[in-house]
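I have placed the structure first, in the form of structure tokens, so that the comments after it can refer back to it.
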There are 2 protein chains.
Amino acid sequence: MSIAGRITAQDVAKLAGVSQSAVSRVFTPGASVAPKTAAKVRAAAKTLGYRPNSLARAMITGKSRIIGLVVAYLDNQFYPVAIEKLSHALQAKGYHVLLFMASNDPGEMDRLMDDLLAYQVDGIITASVAISNDVTRRCADAGIPLVMFNRGQPGSGLSSVTSANALGGRKVAEFLLAGGHQRIAHISGWQGASTGRDRARGLIEGLAEAGLAPHAMIDGMFNRDKAAAAARELMDSPDPTDAIFVGNDHMAFAVIDSLRAMGLRVPQDVSVVGYDDVPMAAWGAYDLTTVRQPLVRMVDATVETLLAQIDDPARGAQAVEIDAPLILRGSARLPEEGT
Amino acid sequence: MSIAGRITAQDVAKLAGVSQSAVSRVFTPGASVAPKTAAKVRAAAKTLGYRPNSLARAMITGKSRIIGLVVAYLDNQFYPVAIEKLSHALQAKGYHVLLFMASNDPGEMDRLMDDLLAYQVDGIITASVAISNDVTRRCADAGIPLVMFNRGQPGSGLSSVTSANALGGRKVAEFLLAGGHQRIAHISGWQGASTGRDRARGLIEGLAEAGLAPHAMIDGMFNRDKAAAAARELMDSPDPTDAIFVGNDHMAFAVIDSLRAMGLRVPQDVSVVGYDDVPMAAWGAYDLTTVRQPLVRMVDATVETLLAQIDDPARGAQAVEIDAPLILRGSARLPEEGT
DNA sequence: AGCTTTTGTGCATACGTTTGCAAATCAGCT
DNA sequence: AGCTGATTTGCAAACGTATGCACAAAAGCT
């Protein structure tokens with residue numbers, strides 16, 4: 001019965017009539033301890049309600065079993081769901097998640113790095129946040145593996161996990177062309193991010209193979225308001241588009257809202273295709289045709305890559321790309337049968 | 001230039017020509033240290049890239065400056081946004097967030113408690129997750145403050161921050177009555193949660209004052225599928241309702257999707273009112289009339305309550321309720337002018 | 001200058017663990 | 001019984017910091 005104050009391994013040792021080391025060994029998986037004493041210790045621990053202090057353990061072993069997770073925005077549904085899955089996956093591996101919110105202010109990440117290092121995290125996952133070279137260097141210096149989730153940084157020597165964004169853009173191009181669209185515009189993801197650039201490039205390449213070019217390209221910055229404005233601009237023009245590929249679902253919803261507010265029908269007047277396949281894309285109000293980022297596989301690849309790098313610091317960075325299938329729904333006109 | 005390995009206060013001390021204690025004092029806000037030596041130490045720290053080890057600091061002070069944040073689901077947009085704000089608010093106060101995902105399996109929370117205690121968190125915030133008496137007791141034993149966000153546990157002696165849910169339900173009742181609705185149904189939040197019960201009770205009381213009773217009550221369990229099924233059931237009946245108050249926005253969206261799929265128009269055929277006012281409620285596709293939970297004020301109250309309890313463990317629990325205004329949009333028929 | 005009061009510093013201990021090492025116990029043999 | 005080898009155990013030293021205590025240095029005063 002613990003009145004107050006922390007219960008330590010000493011207390012348990014005293015009650016069980018063994019040394020403190022013995023207690024430690026009982027709670028250390030690989031250690032050598034006789035079944036009989038283990039039983040005594042476990043009994044004592046249970047009555048006192050003892051749990052080893054993870055912080056003290058981290059000090060001595062040099063492994064905190066904490067992963068720093070840095071996220072910029074949570075209003076795009078893709079990220080909450082990703083966090084949920086990442087967190088579950090890491091919990092299952094015995095790691096814990098220290099959550100950091102970063103604005104996209106570049107200085108912000110540097111400040112967060114201080115906290116991350118101070119808490120001796122074993123590894124870092126960043127989701128949709130820009131990494132300066134300084135941050136990269138400090139991670140390398142401290143020997144802390146970092147994996148970028150859903151964003152790459154070519155030439156940075158950092159691991160990343162993304163979907164096959166360029167290929168995804170290509171698939172959209174082919175699909176829209178097959179559907180008979182002539183004037184295909186792109187409201188892109190932020191061109192400062194690999195994710196945004198690659199999707200745009202894929203679309204352009206896909207159209208080029210048919211001898212076409214995008215009817216228009218506008219940087220939507222992954223921002224709803226920007227995307228909505230872009231949609232209005234595209235349709236107000238004397239030569240409006242007949243299909244819009246939007247850089248992610250989050251913007252695509254804003255685009256559809258905006259089109260409907262203009263009295264246009266989707267997909268009769270204009271087709272819309274998104275990217276991500278967040279749960280909301282399947283909801284009746286949008287029924288969005290989109291490219292699915294296979295979240296579970298991306299999450300699995302992320303923790304696998306990160307843990308591999310933690311276990312073997314000599315292992316180099318790797319950039320994983322996961323195939324992203326096109327999901328057909330009602331927001332884009334379908335190709336004719338038998339094409 | 002750090003080649004590898006952690007830089008400790010010892011290293012800095014050596015370089016600066018002072019004792020390790022001096023270095024510690026420079027990084028401890030209230031401590032007594034001469035400006036001159038502070039400067040020397042800071043310089044040495046900067047060239048070595050030194051940051052105090054938070055884990056070691058936590059060991060000695062007994063304060064980890066870590067808050068455990070336990071969340072059940074992230075698919076309801078209310079919670080991601082809440083997490084974002086909570087995290088920012090805590091970061092601003094020098095705390096950090098250890099994130100735990102809990103299923104609503106009651107045993108799950110007990111297991112998480114082990115981890116929370118092992119990491120010596122200074123406090124716990126739970127968002128929409130059930131707390132067993134056992135968990136309550138263990139927190140009390142360990143002297144760890146806990147505040148429940150967006151859920152209360154009457155008689156548990158636990159702090160909580162919610163909106164004024166019952167009053168909110170009342171407001172909806174009055175508003176729908178004023179709008180001339182006769183058959184008002186409720187697809188409630190989970191009746192196992194105070195939040196769901198209080199909103200339902202408010203509606204019932206509000207209708208009772210006008211001598212009415214709900215036309216129907218169905219427990220939607222905060223679940224989209226359940227809510228959609230409930231909506232179909234309500235409208236398929238020989239005596240369909242003319243207004244549905246839904247226990248939260250997340251379910252309300254499913255209800256609207258479901259109604260539209262039946263060929264019904266919102267609000268011409270049936271009015272829908274939600275609860276939360278998540279960002280999505282303002283989007284064109286739903287334009288949902290709803291009760292706004294003032295997120296910023298709830299978050300502020302939560303961290304204020306928690307930190308007050310951390311600073312003064314003797315302070316008792318308190319249940320904060322924050323007024324929740326009704327936000328009028330297009331999903332519910334408005335009362336006549338001049339009523 | 002001599003005294004007292006304030007301020008700054010170093011020494012040493014403590015926080016709660018893990019783990020190498022050596023001593024001690026135990027089991028398995030002849 | 002005596003020896004060998006394997007297993008279990010306790011001792012003590014770490015990990016990197018904060019902090020009480022004693023003392024040194026500086027500052028304030030008449």
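- If you check distances only, the side chain of B:T61 never reaches the base of C:dC15 with a donor-acceptor pair under 3.5 Å.
- A:T37 comes within 4.0 angstrom of sugar-phosphate atoms only, judged by non-hydrogen atoms across all strands, and of no base.
- Rounding to whole angstrom units, CD of residue B:Q20 and C1' of D:dG16 are separated by 7 Å.
- Going from atom CD1 of B:I66 over to atom OG of B:S54 covers 8.0 Å, rounded to the nearest 0.5 Å.
- Between B:Y119 atom OH and C:dG16 atom P the separation is 18 Å, expressed in whole Å.
- For D:dC15, its base never sits under 3.5 Å from the side chain of B:T8 at any donor and acceptor pair.
- Considering only the side chain of A:V33, D:dT9 comes nearest among C:dC15, D:dT9, C:dT18.
- The OG1 atom of B:T37 sits 10.0 Å away from the CZ atom of B:R25 when rounded to the nearest 0.5 Å.
- Heavy atoms of B:Y50 sit under 4.0 angstrom from primed sugar atoms or phosphate atoms, though from no base atom.
- For the pair B:S21 and C:dG10, the criterion of a side-chain N or O lying under 4.0 Å from OP1 or OP2 is not met.
- Atom CD of B:Q20 sits in a crowded spot, with more than 12 heavy atoms from other residues, nucleotides or ligands closer than 6.0 Å.
- Among the protein residues, B:V23 comes within range of no part of the nucleic acid, since none of its heavy atoms lies under 4.0 Å from any strand.
- Both A:Q10 and B:G17 sit near DNA chain C, but only B:G17 has its closest nucleotide nearer the 5' end.
- In this entry the distance linking CG of A:N53 with C1' of C:dA14 reads 14 Å, nearest Å.
- Counting to the nearest Å, the P atom of C:dG16 and the CZ atom of A:R51 are 16 Å from each other.
- The CZ-C1' distance, from A:R57 to C:dC15, rounds to 16 Å in whole Å.
- A:S159 and A:Q309 are linked by a side-chain donor-acceptor pair at a separation below 3.5 angstrom, with hydrogens and angles left out of the test.
- Checked against the 6.0 Å centroid criterion, the rings of B:Y50 and B:F27 qualify as a close aromatic pair.
- The distance between atom CZ of B:R25 and atom C1' of D:dT19, rounded to the nearest whole Å, is 7 Å.
- To the nearest angstrom, P of C:dT19 lies 12 Å from NZ of A:K63.
- The distance between atom NZ of B:K36 and atom C1' of D:dA26, rounded to the nearest whole Å, is 12 Å.
- Residue order along DNA chain C, read from the 5' end via each residue's closest nucleotide, puts B:A38 first among B:A38 and A:I60.
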